[in-house]
Q: 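Can you read through this structure? Questions will come right after.
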Amino acid sequence: MSPPAGDHTLDEILNLAASHFKVPREKLTPDDDFFKTLGIDSLQALDLLTRLEHHFRIELPDYELQGVSDFRTLANRIQARL
Amino acid sequence: MLDLRQNASLGAALKDALERWPTETCMIEADRDREKVRLTYSDFKEVARPLCRALEDAGFKAGDRAAIIMTNQSKWLISAYSIFFCGGVLVPLDYKLTAAEHLQLLAHSKARFVVVEYYLWRAITQSPEVAKLTAEIVLVTEAPAGVELHGAYRWEEFKRKGDPQFVARQREDTACIVYSSGTGGRPKGCVLTHDSYLEQCTSLTAWYPFWPGVRYLSILPTNHAIDFMVGFIGPFVCGACVVHLRTLRPEFVRDAFVRYRITYVSLVPMVLKNLERGLRAKFDELEPRKRWMLDRLIGLNKMLTRGHPRVKLSRRLLPQVHKAFGGDLLALIVGGAFTDPSTLQFFYDLGIPVTCGYGLTEACTAVTLNDLKPFRADTVGKPLPGTEVRVLNPDGDGIGEVAVRSRALMSHYLDDPEQTAQTIVEGWLLTGDQGRFDGHGHLQLVGRKKNMIVTDGGKNIYPEDVEAVFDGLPVKEYCVFAANYLWPQKTLGNEMLVLVARLGPNQQFDDRLREEIVSRNRRLADFKRVGGYLVWEKDFPRTASLKIKRGELAAEIGAGAARAGVVGI
């Protein structure tokens, strides 16, 4: 049985984040505070968001990331636009 | 530029500017790479007129307070101008605050009117504390068709025909109430007069004048003291153009430099670091021969610009670098937080003049600024014209608390005579920052006396403002401190907040408690989070009314524990 679409999105986000910031994929988990785990600031988080937009072919306003700091919530925001 | 001595208020100065340069472009608004708005000074006047008239008809009168909660966009400036035109007091709020925080500051400021972006208004109306909202008229921008507005009006439809009457204000009247802190505790609303702003604008433009044709890129939020002055009032009274970007995405910021041939931009250290990272990555991709050549040219530029910037020459020596910034950039202005001197030096060595300054909301905008005569990476510059700066009670190294006196200072904290009396003493603003003057009259900041941190994004975070999130933490007692307040050091940067917890009798610090701290911490905005915790073995000293004696506790911790004992979270 294939996992639900949301899990696919989450997985793709984790893969992209790992490759973009050059960290081992296995170090990232869905509930991680990505600022902490990736050691990034809010501008680098916006850079990641741009990469994700290109990947998922969507457009997310900056405010969608306001208050978001874990991959799972980010995946939900993206999933809502797919 | 306008002769601001002729103007009694910001409204009068802006009104004169709209008449003085009718055909010059005053603002451009871009959303990513899509240009959405382009206005001449004359267009701006025409767009603002029906809003001014509608405000007038709605009973807006001199001295009424109106808050703006919006990301950078043309409607921010049009609304602010209209508020000043009608004699109002502007309350610019940080759009990054939570809905509960917005409601708290709206209540504290007693704003009668609010101009707010739709997504922020939605959050406010969904807040359990929305009943606290006392504003009478709310204007919402960009609300989608058909959505429930909970009694608010659409900004785009809030207009009336006819000529509004300009409402004159005096220099000593309040122009703005700007919050420097207090979202979790005691709000500090800096009351700034028209005189403060007009004086500040005069002294800043004496060193860094704008003129018609200058394009200023506004990426700091306009509610921030720096952008309000340098990205709105300053350019307008000089006939220059403000370029607003609706996003802070680094790729679009870089693109805007080129697309709009930007002349000046103000940045906080985080953005400057981001630009540096991008450039360094590009340099690292160069093949060895090109990299060798680049390094030689940078070395040559460094030698030729030792005494003062020579932008035209630098553009010829390093054309690719300068093209990446549009080719017309005259200076990057950096402020809002401590900037790593090596980052400033990196840009200057490329021939991009970068000037670092120091200011605080209580002093309107800026106190000191580098004049690039010559470039200095290790100071925050010299006092601006009309600004006196003193170092109080200097120690053997000449270090003491920085105090400021000028006409630009705030008049007081709104409704808080006690904090005002502690902050402005005999006309001098006690900044809580520690510094010293070097032999060339440059101020060097070396630390902070006050219990707070400044992030590299330019946000001031006070421990009292984040403590509420730990309410109910299962420990005997807790308190949040700035690490540098507990263990003073003579450097700035890498600041963090520390949660100090006193456990209950027989309580062990276990994984559950750690998880609880981590999960509560994550409810805070990322820039407000506590960086670590410390378990303290003694009861906290308290006053007769059981308030924690923060100063005494900080001294005890500083003497009894090492900074190395802080566990990162």
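Protein chains get the first letters and strands the later ones, always in sequence-line order, with residue 1 at the start of each.
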Q: Flag the pair B:Lys273 and A:Asp41 as a salt bridge only when some basic side-chain nitrogen lies within less than 4.0 angstrom of an acidic carboxylate oxygen.
A: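 No.
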Q: With respect to A:Asp62, which candidate in B:Arg246, B:Arg249, B:Lys96 satisfies the salt bridge (charged side-chain N to carboxylate O under 4.0 Å, His left out) definition?
A: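 Only one option passes, and that is B:Arg249.
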Q: With only heavy atoms counted, which part of B:Tyr95 is less than 4.5 Å from chain A, the side chain, the backbone, both or neither?
A: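 Interface part for B:Tyr95: both.
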Q: For A:Arg57, is the CZ atom crowded, meaning more than 12 foreign heavy atoms sit under 6.0 Å from it?
A: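 It does not: A:Arg57 CZ has 12 such atoms or fewer within range.
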Q: Between A:Glu64 and chain B, which part of the residue has a heavy atom less than 4.5 Å away: side chain, backbone, both or neither?
A: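 When you check distances to chain B, no heavy atom of A:Glu64 falls under 4.5 Å.
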Q: Drop me the distance from A:Asp47's CG to B:Arg277's CZ, to the nearest 0.5 angstrom.
A: 8.5 Å
Q: Quick one: pull up OG in A:Ser42 and CE in B:Met270 and give me the separation to the nearest 0.5 Å.
A: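 That separation rounds to 3.5 Å.
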Q: Out of curiosity, B:Arg522 CZ to A:Thr73 OG1, how far, rounded to the nearest 0.5 Å?
A: 8.0 Å
Q: When rounded to the nearest 0.5 angstrom, what is the spacing between CG in B:Asp526 and CG in A:Leu65?
A: 8.5 Å
Q: Can you confirm whether more than 12 heavy atoms, excluding those of B:Asp511, are under 6.0 Å from its CG atom?
A: no
Q: Are the side chains of A:Lys36 and B:Ile569 in contact, using a 4.5 Å heavy-atom criterion?
A: no
Q: Between B:Val271 and chain A, with a heavy-atom cut-off of 4.5 Å, which part of the residue counts as in contact: side chain, backbone, both or neither?
A: both
Q: To the nearest 0.5 Å, how far apart are CD in A:Gln66 and CG in B:Leu120?
A: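 Taking CD in A:Gln66 and CG in B:Leu120, the distance rounds to 6.5 Å.
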